[in-house]
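Encoded as C-alpha cells, the structure appears first; notes follow it.
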Protein chains: 2
Amino acid sequence: MSRAKTPEAGGRGEPRGHADKRRAILEAAFRTFARDGYGQSCVREIADEAAVAKPTIYNRLGDKETLFREAMKAAVEHTADRSLSALEPLRTPGDDMRPALEETGLRLLRSHVCQESQALRRLLSAEAPRFPELLEEIQRVGAQRVQDALADRLARLALAKRLETTDVERASEQFLALLTGPMELRSALGTRPVADEELRSVAEAAVDTFLLAYGPRDPG
Amino acid sequence: MSRAKTPEAGGRGEPRGHADKRRAILEAAFRTFARDGYGQSCVREIADEAAVAKPTIYNRLGDKETLFREAMKAAVEHTADRSLSALEPLRTPGDDMRPALEETGLRLLRSHVCQESQALRRLLSAEAPRFPELLEEIQRVGAQRVQDALADRLARLALAKRLETTDVERASEQFLALLTGPMELRSALGTRPVADEELRSVAEAAVDTFLLAYGPRDPG
DNA sequence: CGTACCTTGAACCGGCCGGTTCAAATATTT
DNA sequence: AAATATTTGAACCGGCCGGTTCAAGGTACG
C-alpha cells in the first residue's frame with residue numbers, strides 16, 4: 001500500500017512517479033541541449049518539454065549546470081551499453097573471423113551514429129573545456145570502456161591464434177579508429193543520418209584492413 | 001563616394017590599418033568563441049579582446065552570427081593549408097615508403113592537434129546543427145580537401161606500384177582514420193595537449209597498419 | 001585648413017534568462 | 001479525512017546581452 005500509483009489517466013495531468021519525473025526532466029533536458037546547445041538552451045523550455053514546472057526542476061536538480069551534468073551522465077549509460085553489447089559476436093567467432101568482426105563493426109557503427117550518441121559527443125565536445133570532470137567521467141564509462149572491452153576480446157582471440165598481435169590495446173584502438181574515423185565526414189559531424197548500407201560498407205572496409213594487419217598469418 | 005580610405009597598398013605598420021583591424025577582430029572572436037563557446041560569448045568581450053569598440057564590430061561585421069561565420073572561415077584557411085603542406089613528403093618518397101608516410105602522418109597529426117585546429121573542430125561540431133551551410137563549407141575546404149589531396153598522392157604511388165590498392169579514396173580515408181581516430185581519446189576531445197613523442201608513436205602505428213594493408217606485395 | 005569619414009566610449013533599449021518566492025492546487029501518507 | 005509534502009503557475013528580481021544611437025574625438029586627404 002505504498003508504491004501504488006499510476007491512477008487512470010484522467011483529463012488532468014497524469015501523475016508520474018518521482019523517478020519517472022526525474023527521468024522525464026533529464027531526457028527533456030538532453031533533447032533541448034542537443035537541439036539548441038548548452039548556452040542557447042533556457043530552463044523554461046526544458047521545463048515545457050518535460051511537461052513540468054520550472055521550480056520543480058530547480059527543486060530536484062539544482063541549477064542549470066548540474067542539470068546538464070546529470071542529463072549527460074544519464075545519456076552516456078544508455079549509449080555505452082549498446083556499444084558494449086555490440087562486442088558480443090566476438091565471443092563466439094566461427095571458423096572465419098571475418099563475419100564476427102563485420103557484425104561487431106556494423107553494430108558499433110550503428111550505435112556510433114545513432115541520434116543520441118551523436119548528440120552526446122557533440123555536446124561533450126562543445127562543453128569539454130567548461131566541464132573537465134564531466135568529460136573525464138563520460139570518456140571513462142563510454143569510449144574508454146568500449147575500447148578496453150574490445151581489447152579483452154581481441155586478447156582472447158590472439159591467445160587462440162585467431163589474431164596476430166602483441167599489442168591488443170593498439171589493435172583495439174585502430175579497429176575503432178577504422179570504424180569511427182570515416183564517419184566524421186560521412187555523417188557531417190553527426191548532423192546527417194547515414195544509411196545502413198553505407199555503415200555496412202565502412203565496416204567491411206575496416207575489417208578488410210584490420211585483417212590484413214592483424215589477421216592470422218598463413219603458415220608458410 | 002570616394003571609397004578610397006585604405007588602398008590595397010596598405011601594409012604599413014601604422015597604429016592600425018583597416019584591414020589589420022578586421023583581422024584582429026576575427027582573431028579575437030575566434031579566441032573568445034573557442035574559450036567560452038558561441039552561446040556563452042558576448043560581443044563586448046570580443047571587442048575588449050580585440051582592443052576595439054563594440055560599435056566597430058557591428059559596423060564592419062554585422063551581427064554576432066556573421067561574426068562567428070567569418071571567424072570560423074578565417075580559421076579554417078589557416079589550418080587547412082598546414083594539413084595540405086603535410087602531404088609534401090609523399091611527393092618524393094625514398095626507396096622505402098615508410099619514412100615518407102611517417103613524416104606525413106606526424107605532420108598531419110601535429111596539425112590536427114594544434115590549438116587552433118582543435119578549437120575549430122570543437123566549435124564546428126557544437127554549432128553544426130545551427131549553421132549547416134558553414135559546416136558544409138568548412139568541411140569542403142578543410143577535411144574533404146585534405147582527404148582528396150591525399151587520395152591524389154596515393155593514386156600516383158599506386159600507379160608507380162609503390163602501393164597496392166584499387167580504391168585510393170578508401171585508402172586515404174583509412175589512413176586519416178588511423179591517424180586521427182586515436183587522438184579523440186588521447187587528446188580528451190582536444191582539451192589536453194599531446195606530447196610530440198605520443199604523436200610519433202600513433203603515426204608509426206598507423207603507418208604499420210597502413211603498409212600491411214596497402215603496402216607493395218613482396219614479389220615471389 | 002577644411003571636410004568627410006571612422007572610431008570611440010558611453011549610455012541606452014528591449015528583451016530574455018537564471019533563479020526565487022508564494023499562494024493555491026494536488027498528491028501522498030497516516 | 002486530516003496532515004504533510006510536493007507541484008504548479010505566475011509573478012518577480014537583478015543582471016546581462018545583442019544591438020543602436022549619439023556626441024566627441026581622431027585621421028586621411030584634398
Side-chain angles (χ1 to χ4, degrees), chain A residues 1-26 28-29 32-33 35-71 127 130-131, chain B residues 1-26 28-29 32-33 35-71 127 130-131:
Chain A
M1 72 119 89
S2 39
R3 276 266 133 254
K5 222 157 282 182
T6 323
E8 56 291 317
R12 251 338 270 146
E14 359 110 31
R16 284 157 299 183
H18 280 199
D20 258 356
K21 191 165 290 192
R22 183 189 161 94
R23 230 193 42 198
I25 293 176
L26 291 181
T32 307
F33 286 139
R35 178 177 5 101
D36 302 334
Y38 175 76
Q40 293 95 322
S41 296
C42 71
V43 179
R44 176 198 154 277
E45 197 164 0
I46 294 175
D48 288 356
E49 185 127 349
V52 144
K54 190 165 64 145
T56 306
I57 292 188
Y58 283 98
N59 278 344
R60 302 175 64 91
L61 287 159
D63 59 7
K64 191 183 174 186
E65 277 196 23
T66 51
L67 177 58
F68 179 68
R69 269 185 260 261
E70 295 303 313
E127 305 304 326
R130 265 89 61 198
F131 297 84
Chain B
M1 326 289 273
S2 79
R3 193 88 210 75
K5 44 169 156 284
T6 306
E8 294 68 62
R12 273 186 279 309
E14 303 308 81
R16 201 94 58 93
H18 285 189
D20 259 355
K21 193 166 288 193
R22 183 190 161 96
R23 229 193 44 197
I25 293 176
L26 291 181
T32 307
F33 286 140
R35 180 180 359 104
D36 301 334
Y38 176 75
Q40 293 95 323
S41 296
C42 72
V43 180
R44 176 199 153 275
E45 197 163 0
I46 295 175
D48 287 358
E49 185 127 348
V52 144
K54 190 164 64 143
T56 306
I57 292 187
Y58 283 97
N59 276 346
R60 302 178 64 91
L61 287 160
D63 58 8
K64 191 183 173 186
E65 277 196 22
T66 50
L67 177 57
F68 179 68
R69 270 185 259 261
E70 294 303 312
E127 305 303 326
R130 265 90 57 197
F131 297 85

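All values reported here derive from a predicted model rather than from experimental measurement. Throughout, protein chains are lettered first and strands after them, A, B, ... in sequence-line order, and every chain is numbered starting at 1.
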Side-chain donor-acceptor distances from residues 46-55 of chain A under 3.5 Å, at least two apart:
{"from": "A:Asp48", "atom 1": "OD2", "to": "A:Arg44", "atom 2": "NH2", "distance (Å)": "3.4"}
{"from": "A:Glu49", "atom 1": "OE1", "to": "A:Arg35", "atom 2": "NH2", "distance (Å)": "2.8"}
{"from": "A:Glu49", "atom 1": "OE2", "to": "A:Arg31", "atom 2": "NE", "distance (Å)": "2.8"}

Report task. Look at A:Glu70 together with A:Arg22 and state whether they make a salt bridge at an N to O cut-off of under 4.0 Å. Result -> yes

**Report entry** Residue-phosphate contact under 4.0 Å: B:Thr56 side-chain N/O, C:dT7 OP1/OP2
**Finding:** no

Report summary line: Between CD1 of B:Ile57 and C1' of C:dA10 the distance, given in whole Å, is 16 Å

Query raised in the report: How long is the line joining CZ of B:Arg60 and P of C:dC5, in whole Å?
Result: 16 Å

Requested in this report: Write down the distance between CG (B:Leu61) and P (C:dT7), rounded to a whole number of angstrom.
Outcome: 11 Å

Query raised in the report: Distance from B:Asn59 atom CG to B:Ile25 atom CD1, nearest 0.5 Å?
Result: 9.5 Å

Report task. Would you confirm whether A:Ser41, through its side chain, and A:Asp36, through its main-chain N or O, come within 3.5 Å as a donor-acceptor pair? Result -> no

Report summary line: Once base and sugar-phosphate atoms are separated, protein heavy atoms under 4.0 Å mark nucleotides 14-25 of chain D, 5' to 3', with B, S and - as ---SSBBB----

Query raised in the report: Could you give the CG-to-P distance, from B:Asp48 to C:dA10, as a whole number of Å?
Result: 11 Å

Requested in this report: List in chain and number order the residues that pass ring-ring contact (aromatic ring centres under 6.0 Å, His included) with B:Phe68, two or more places apart in sequence or in another chain; answer none if no residue qualifies.
Outcome: B:Phe33, B:Tyr38, B:Phe131

**Report entry** Pair B:Thr66-B:Asp63, side-chain donor/acceptor within less than 3.5 Å
**Finding:** yes

